[in-house]
Amino acid sequence: QVQLVQSGGGSVQPGGSLRLSCAASERTFSSGTMGWFRQAPGKEREFVAAMRWNVQYYADSVKGRFTISRDNARSTLFLQMNSLKFEDTAVYYCAQSDRGIIVGLIRNQGQYENWGQGTQVTVSL
């Protein structure tokens, strides 16, 4: 039932940075599992990063460049994206589950019940 509102997308040159935000309507947002997914043209939605009980998980393609985090109030999820590449271009979605998704399924989008509206990230010259 939690509502997720995203912001922070836009266009950036290769090597640049963007910070995505995902504001939750309830403070219980941090009690379960939070994640970021993305979908590029012609591709299926793919896992980017997730966070559960302060433990972070990343796709290999973004490891070392992206950072998932929460604010002090634990009501907003962030994705800091550095060293952006052309292949990072996609619509990015935040997602949330009230459940503590087990590690083996945390990368599966079907495990998340609540989704943000999506925001476009474009990396181009």
Side-chain angles (χ1 to χ4, degrees):
Q1 296 180 9
V2 62
Q3 305 295 312
L4 305 178
V5 180
Q6 299 181 223
S7 62
S11 299
V12 66
Q13 293 183 339
S17 298
L18 284 174
R19 188 194 193 200
L20 305 182
S21 298
C22 177
S25 62
E26 301 177 4
R27 295 180 62 86
T28 55
F29 181 55
S30 62
S31 65
T33 310
M34 294 140 277
W36 290 96
F37 294 78
R38 67 187 183 186
Q39 187 167 21
K43 298 182 179 179
E44 296 184 6
R45 185 167 53 184
E46 66 175 352
F47 170 80
V48 176
M51 190 172 194
R52 186 191 68 177
W53 303 323
N54 293 323
V55 180
Q56 303 167 21
Y57 306 85
Y58 296 97
D60 289 340
S61 60
V62 306
K63 193 172 299 182
R65 300 188 298 120
F66 291 10
T67 303
I68 187 172
S69 63
R70 289 175 284 136
D71 70 0
N72 292 333
R74 297 185 176 181
S75 61
T76 303
L77 182 71
F78 301 102
L79 184 68
Q80 178 66 47
M81 304 182 293
N82 298 325
S83 301
L84 284 162
K85 305 175 180 179
F86 292 115
E87 53 263 42
D88 294 320
T89 296
V91 176
Y92 284 71
Y93 300 89
C94 65
Q96 184 268 347
S97 174
D98 291 331
R99 300 176 294 111
I101 301 172
I102 63 174
V103 174
L105 297 177
I106 204 166
R107 291 172 169 81
N108 297 347
Q109 57 91 19
Q111 296 295 313
Y112 297 82
E113 291 79 41
N114 304 303
W115 292 83
Q117 80 278 14
T119 186
Q120 178 71 47
V121 171
T122 301
V123 183
S124 63
L125 295 171

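When reading the values below, keep in mind they use all heavy atoms of this one structure, side chains included, and skip hydrogens, waters and symmetry mates.
Side chains of Phe66 and Leu18 form no contact here, defined as non-hydrogen atoms less than 4.5 Å apart. Considering only heavy atoms from C-beta on, Arg65 stays 4.5 Å or farther from Met81 through its side chain.
Below 30°, between 30° and 60°, or above 60°: for Trp115 and Tyr93 the angle between ring planes is above 60°, a perpendicular geometry. Below 30°, between 30° and 60°, or above 60°: for Tyr112 and Phe37 the angle between ring planes is above 60°, a perpendicular geometry.
Closest of all the heavy-atom pairs between Gln80 and Ser17 is NE2-CB, 4.0 Å. Residues Val2 and Ala24 share a closest heavy-atom pair of CG2-CB, 3.9 Å. Between Ser124 and Phe86, the shortest heavy-atom contact is CA-CE2, 3.8 Å. In terms of heavy atoms, Gly9 sits closest to Val121 at CA-CG2, 4.4 Å. When all heavy atoms are compared, the tightest approach of Asp88 to Ser83 is OD2-O, 4.4 Å. Minimum heavy-atom separation, Pro14 to Leu125: CD-CD2, 3.8 Å.
In this structure, the side chain of Thr76 does not engage the main chain of Ala23 through any donor-acceptor pair within 3.5 Å. When atom types are taken as modelled, the side chain of Thr119 and the backbone of Gln6 share no donor-acceptor pair closer than 3.5 angstrom. Of the possible donor and acceptor atoms, one in the side chain of Thr89 sits under 3.5 Å from a partner among the backbone N and O of Val123. No donor-acceptor pair under 3.5 Å is formed between the side chain of Arg107 and the backbone N or O of Phe47. The main-chain N or O of Tyr57 is never found under 3.5 Å from a side-chain atom of Arg52 such that the two would form a donor-acceptor pair.
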Let's go through Gln56 and Asn54 carefully: what are the C-alpha distance in whole Å and the side-chain angles of both, what is the deciding distance for side chain to side chain donor-acceptor pair (under 3.5 Å) to 0.1 Å, and is it a yes or a no? CA-CA 6 Å; Gln56 303 167 21; Asn54 293 323; over 6 Å; no

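Salt-bridge check for Asp60 with Lys63: passed, with a basic side-chain N closer than 4.0 Å to an acidic carboxylate O.
To the nearest 0.5 angstrom, Ser97 atom OG is 9.5 Å from Ile106 atom CD1. Note that CZ of Arg70 and CZ of Phe78 are 11.0 Å apart. Values are rounded to the nearest 0.5 Å. Here the straight-line distance linking atom CE of Met51 with atom OG1 of Thr33 works out to 11.0 Å at 0.5 Å rounding. Between the CE atom in Met34 and the CD1 atom in Ile68 there is a gap of 7.5 Å [rounded to 0.5 Å]. Between atom CH2 of residue Trp36 and atom CG of residue Leu20 there is a gap of 4.5 Å, rounded to the nearest 0.5 Å. Atom CD of Gln111 and atom CG of Leu105 lie 4.5 Å apart (nearest 0.5 Å).
Cluster annotation: Leu4 is not connected to Val91 through the hydrophobic network of ILVMFWY side chains, with a link wherever side-chain heavy atoms come within less than 4.5 Å.
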